[in-house]
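A short worksheet on the structure shown next.
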Amino acid sequence: MDKLMLLSQINLLDELPEEEFKKLGEVTLTAPIKKGTIILSPTQQMRSFFFLKKGQVRLYKVSSTGKEFTVDLLSEGNVFGETSSFSLTESEIYAETMVDSFVCTLTKDRFEDFIRQNPDIAINLITILTSKLKEMYQITESIAYKDVKYRIVLLLMQLSNRFGVRSGEWQTVGVKITQNDIASMIGSSRETVSLFLGELEKEEVIMKKPLKINTALAKELYEVDEG
DNA sequence: GCATTAAAGGACT
DNA sequence: AGTCCTTTAATGC
């Protein structure tokens, strides 16, 4: 029920291409951040923009019962955070580093100035947000019309296209992810995810540790688009 | 077709 | 050694 809500909410968080990232890196200072550090939470309304230079960050929400629901995973090159003009929701998002990371921090003003001075970046942000929007739309639609197995394949395809490395038909997922993370991102349960990952492994659609997906087979068997 | 519960085995620090 | 993660099975909606 509220899982659908959760997944359909839009935050400004996304990845920037390498060149733009380097430009931004010149304007900011990077700081090393240890694994398990919460760099953004509803209480610390820092109103700043973060730039993940290296590492991995998990975005999640906390339910009324105290359970954590992973919303998205970010890898190096990603931007996240809120500015006064870009925040699209009041949702209470937490951001936690999953591994030791390097993070650039920008105030909202400096980020907005940076965009004004580099119009190409605004275009890129729109492009990136559009593809992110498409991904989220695909997920919410699949929650309504498809079974859990399909949703797992879809999510792994999306993640591997965003973060993974391809070699032949196989493509790594590219992010550290638990079955719990997968479950909350597709509106399922950890145990069911475990079951279907097992099946998908037998079908040789995926391989575990490191998690990889056979994109050709996945498209053939589950008709997920894009590649 | 799936969530939930429970119970047990494995992996990570 | 203790916590987190995964697997398996039973039950019920």
Side-chain angles (χ1 to χ4, degrees), chain A residues 1-9 31-41 52 54-76 92-103 135-160 162-165 170-214 217-225:
Chain A
M1 27 190 253
D2 58 4
K3 288 175 186 171
L4 245 167
M5 281 287 294
L6 194 154
L7 289 166
S8 65
Q9 278 171 345
I33 300 196
K34 284 179 188 170
K35 168 185 178 181
T37 307
I38 293 173
I39 49 186
L40 183 66
S41 78
L52 183 56
K54 195 166 184 64
Q56 193 179 143
V57 166
R58 180 174 70 104
L59 299 178
Y60 64 94
K61 300 182 77 173
V62 177
S63 73
S64 50
T65 55
K67 277 192 171 184
E68 294 181 2
F69 289 93
T70 300
V71 176
D72 203 0
L73 299 173
L74 307 176
S75 191
E76 58 182 80
E92 309 219 312
I93 287 279
Y94 293 79
E96 178 184 3
T97 52
M98 301 177 72
V99 299
D100 291 350
S101 306
F102 284 91
V103 177
E135 278 189 6
M136 304 222 290
Y137 182 77
Q138 286 180 331
I139 292 288
T140 53
E141 187 182 9
S142 74
I143 287 176
Y145 298 116
K146 304 284 188 175
D147 59 19
V148 169
K149 203 169 173 183
Y150 175 95
R151 282 180 252 163
I152 292 174
V153 174
L154 175 61
L155 179 70
L156 294 183
M157 282 289 266
Q158 289 180 352
L159 291 175
S160 72
R162 261 208 282 165
F163 306 124
V165 177
W170 289 93
Q171 192 163 318
T172 62
V173 170
V175 277
K176 184 180 165 192
I177 187 172
T178 68
Q179 297 183 353
N180 229 329
D181 293 328
I182 296 176
S184 60
M185 283 195 269
I186 64 172
S188 179
S189 70
R190 151 182 34 103
E191 293 86 346
T192 302
V193 167
S194 176
L195 178 69
F196 287 127
L197 281 180
E199 289 189 13
L200 288 167
E201 190 178 27
K202 280 180 189 168
E203 297 169 10
E204 295 182 343
V205 173
I206 68 162
M207 283 178 70
K208 293 179 183 174
K209 57 164 114 179
L211 199 53
K212 296 178 190 172
I213 184 166
N214 186 323
L217 234 190
K219 285 177 195 170
E220 184 185 329
L221 294 181
Y222 297 95
E223 294 172 351
V224 285
D225 62 356

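Residue numbering restarts at 1 for every chain, and letters A, B, ... go by the order of the sequence lines. All of these numbers come straight from a predicted model, not from anything done at the bench.
Rounded to the nearest 0.5 angstrom, A:Tyr94 OH and A:Leu59 CG are separated by 13.0 Å.
Applying the salt bridge (charged side-chain N to carboxylate O under 4.0 Å, His left out) rule to A:Glu68 yields the partners A:Arg58; only residues at least two apart in sequence or on another chain are considered. With sequence neighbours excluded, no residue forms a side-chain hydrogen bond (donor to acceptor under 3.5 Å, both in side chains) with A:Thr37.
Annotation for A:Phe102: atom CZ does not count as buried by contact number, only 12 or fewer foreign heavy atoms lying within 6.0 Å.
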Between protein and nucleotides 10-13 of chain C, what N or O pairs are separated by less than 3.5 Å?
none

If you restrict it to nitrogen or oxygen atoms, what contacts under 3.5 Å exist between nucleotides 1-6 of chain C and the protein, and what is each distance?
unit_1 : atom_1 : unit_2   : atom_2 : d
C:dT6  : OP2    : A:Gln179 : N      : 2.9

Could you write out each protein N or O paired with an N or O of nucleotides 10-13 of chain B at a distance under 3.5 Å?
unit_1 : atom_1 : unit_2  : atom_2 : d
B:dT13 : OP1    : A:Lys35 : NZ     : 3.2

Notebook entry, point to check: What's the verdict on side-chain contact (heavy atoms from CB on, under 4.5 Å) for A:Lys34 and A:Thr97, showing C-alpha distance, side-chain angles and the deciding distance?
Noted result: CA-CA 7 Å; A:Lys34 284 179 188 170; A:Thr97 52; 5.9 Å; no

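Between the side chain of A:Ser63 and the main chain of A:Thr65, a donor-acceptor pair closer than 3.5 Å is present. Without hydrogens or angle criteria, A:Thr70 side chain to A:Met185 main chain gives no donor-acceptor distance under 3.5 Å.
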Show me the side-chain donor-acceptor pairs of residues 195-208 of chain A shorter than 3.5 Å, one per line, residues at least two apart or across chains.
unit_1   : atom_1 : unit_2   : atom_2 : d
A:Glu199 : OE1    : A:Lys149 : NZ     : 2.8
A:Glu203 : OE1    : A:Tyr222 : OH     : 2.6
A:Glu203 : OE2    : A:Lys149 : NZ     : 2.6

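Rounded to whole Å, the distance from CD on A:Glu199 to P on C:dA9 is 13 Å. Distance, A:Tyr145 OH to B:dG1 P: 19 Å, rounded to whole Å.
Mapped onto DNA chain B by nearest heavy atom, A:Glu191 and A:Lys149 fall at different nucleotides, with A:Lys149 at the one closer to the 5' end.
Contacts of A:Phe196 with the nucleic acid, taken as non-hydrogen atoms under 4.0 Å apart, involve only primed sugar atoms and P, OP1 or OP2.
When side chains are defined from C-beta on, A:Lys212 does not count as touching A:Val173, because their heavy atoms never get closer than 4.5 Å.
Nearest heavy atoms, A:Leu74 versus A:Leu52: O-CD2, 3.6 Å.
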